[in-house]
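For the numbers below, each heavy atom of this structure counts, side chains included, while hydrogens, waters and symmetry mates do not. Counting starts at 1 for both ligands and their atoms, in listed order.
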Amino acid sequence: MTMQNDIQEVLFSQEQLQARVKELGQQIAQDLGDKDPFFIGILKGSFVFMADLLREVDVLCGMDFMSVSSYGDGTSSSGAVKITKDLSQDIHGRHVVIVEDILDSGVTLSYLKKYLQVRQPASITICTLFDKPSRRKADIHADYVGFLCPDAFIVGYGLDYAEKYRNLPYIGVLKPEIYS
Ligand code: IMP
Ligand code: MG
């Protein structure tokens, strides 16, 4: 059974994603290239974006992943944030770039930013592939945004619905019957 059958509409094609990720990577390299940046990918949603982005950032840098859970299997935030995998390196004095798949209510990132600030990095920059500003609840904004996203639930390129569709190579919207 192919995943593609469940997709109602393609919102961002592979080509669009690739072109924008390249621009973001080059911009970040230009802005932070001489600062030995440390990229933190937020699992699991950012794993595809992180891999593509870092290959467009042509500078010496460090990287690690963290795992944060704030969503159940549904499509809206539970409000509770839990760190399920922390960093394995110290970020004291480092220029940190948080790499996130999508900034929605902002609850996850605002919690995470405060959580990391305690370790006294030199700076914290936020890079998100998608931003849904209309749904924001927490006071947080991203420094780098790939695309503004309509207020629809999207899947693919790392993003899931009930832990599926992360391996879809583009961004799509599911057929309504999939949710029921
Ligand atoms: P926030 O705390 O509400 O900003 O939630 C951010 C997290 O919710 C993201 O990292 C995603 O894992 C998930 N999320 C929010 N919107 C979507 C969506 O449209 N598709 C898939 N996951 C989403
Ligand atoms: Mg998710």
> For Gly106, is at least one N or O under 3.5 Å away from an N or O on ligand 1?
Replying inline: yes

> With atoms numbered from 1 as shown, which atoms in ligand 1 lie under 4.0 angstrom from a non-hydrogen atom of Glu100?
Replying inline: 10 (O)

> Against heavy atoms of Asp160, which atoms of ligand 1 measure under 4.0 Å?
Replying inline: 21 (C)

> Between Ile102 and ligand 1, which part of the residue brings a heavy atom under 4.0 Å of the ligand: side chain, backbone, both or neither?
Replying inline: both

>> I'd like to check the side chain to side chain donor-acceptor pair (under 3.5 Å) partners of Asp131; sequence neighbours left out, ordered by chain and number.
In response: Arg136

> Got an N/O contact under 3.5 Å between Phe153 and ligand 1?
Replying inline: no

> Under the side chain to side chain contact (heavy atoms under 4.5 Å, CB included) criterion, do Ile126 and Ile140 qualify, and how do the steps go?
Replying inline: CA-CA 10 Å; Ile126 292 175; Ile140 186 116; 3.8 Å; yes

> Do Tyr161 and Asp6 have side-chain atoms, one donor and one acceptor, less than 3.5 Å apart?
Replying inline: no

>> I need the atoms of ligand 1 closer than 4.0 Å to a non-hydrogen atom of Lys132, numbered in the order shown.
In response: 16 (N), 17 (C), 18 (C), 19 (O)

> Against heavy atoms of Asp101, which atoms of ligand 1 measure under 4.0 Å?
Replying inline: 9 (C), 10 (O), 11 (C), 12 (O)

> Judged by atom type as modelled, is there a donor-acceptor pair below 3.5 Å linking the side chain of Asp64 to the main-chain atoms of Ser88?
Replying inline: yes

> Do we see a donor-acceptor contact under 3.5 Å between the side chains of Tyr144 and Glu23?
Replying inline: no

> In ligand 1, which numbered atoms sit nearer than 4.0 Å to a non-hydrogen atom of Ser105?
Replying inline: 1 (P), 2 (O), 3 (O), 4 (O)

> Applying a 4.0 Å heavy-atom criterion (strictly less than), which segment of Ser46 is in contact with ligand 1: side chain, backbone, both, or neither?
Replying inline: neither

>> Under 4.0 Å from a heavy atom of Ala152: which atoms of ligand 1 are those, numbered in the order shown and with their elements?
In response: 19 (O)

> In ligand 1, which numbered atoms sit nearer than 4.0 Å to a non-hydrogen atom of Thr108?
Replying inline: 1 (P), 2 (O), 5 (O), 6 (C)

> Is the Phe65-Phe47 ring centre distance short of 6.0 angstrom?
Replying inline: no

> Relative to the ring of Phe147, is the ring of Phe12 parallel (under 30°), tilted (30 to 60°) or perpendicular (over 60°)?
Replying inline: tilted

> So, Arg20 side chain and Val145 main chain: donor-acceptor pair closer than 3.5 Å or not?
Replying inline: yes

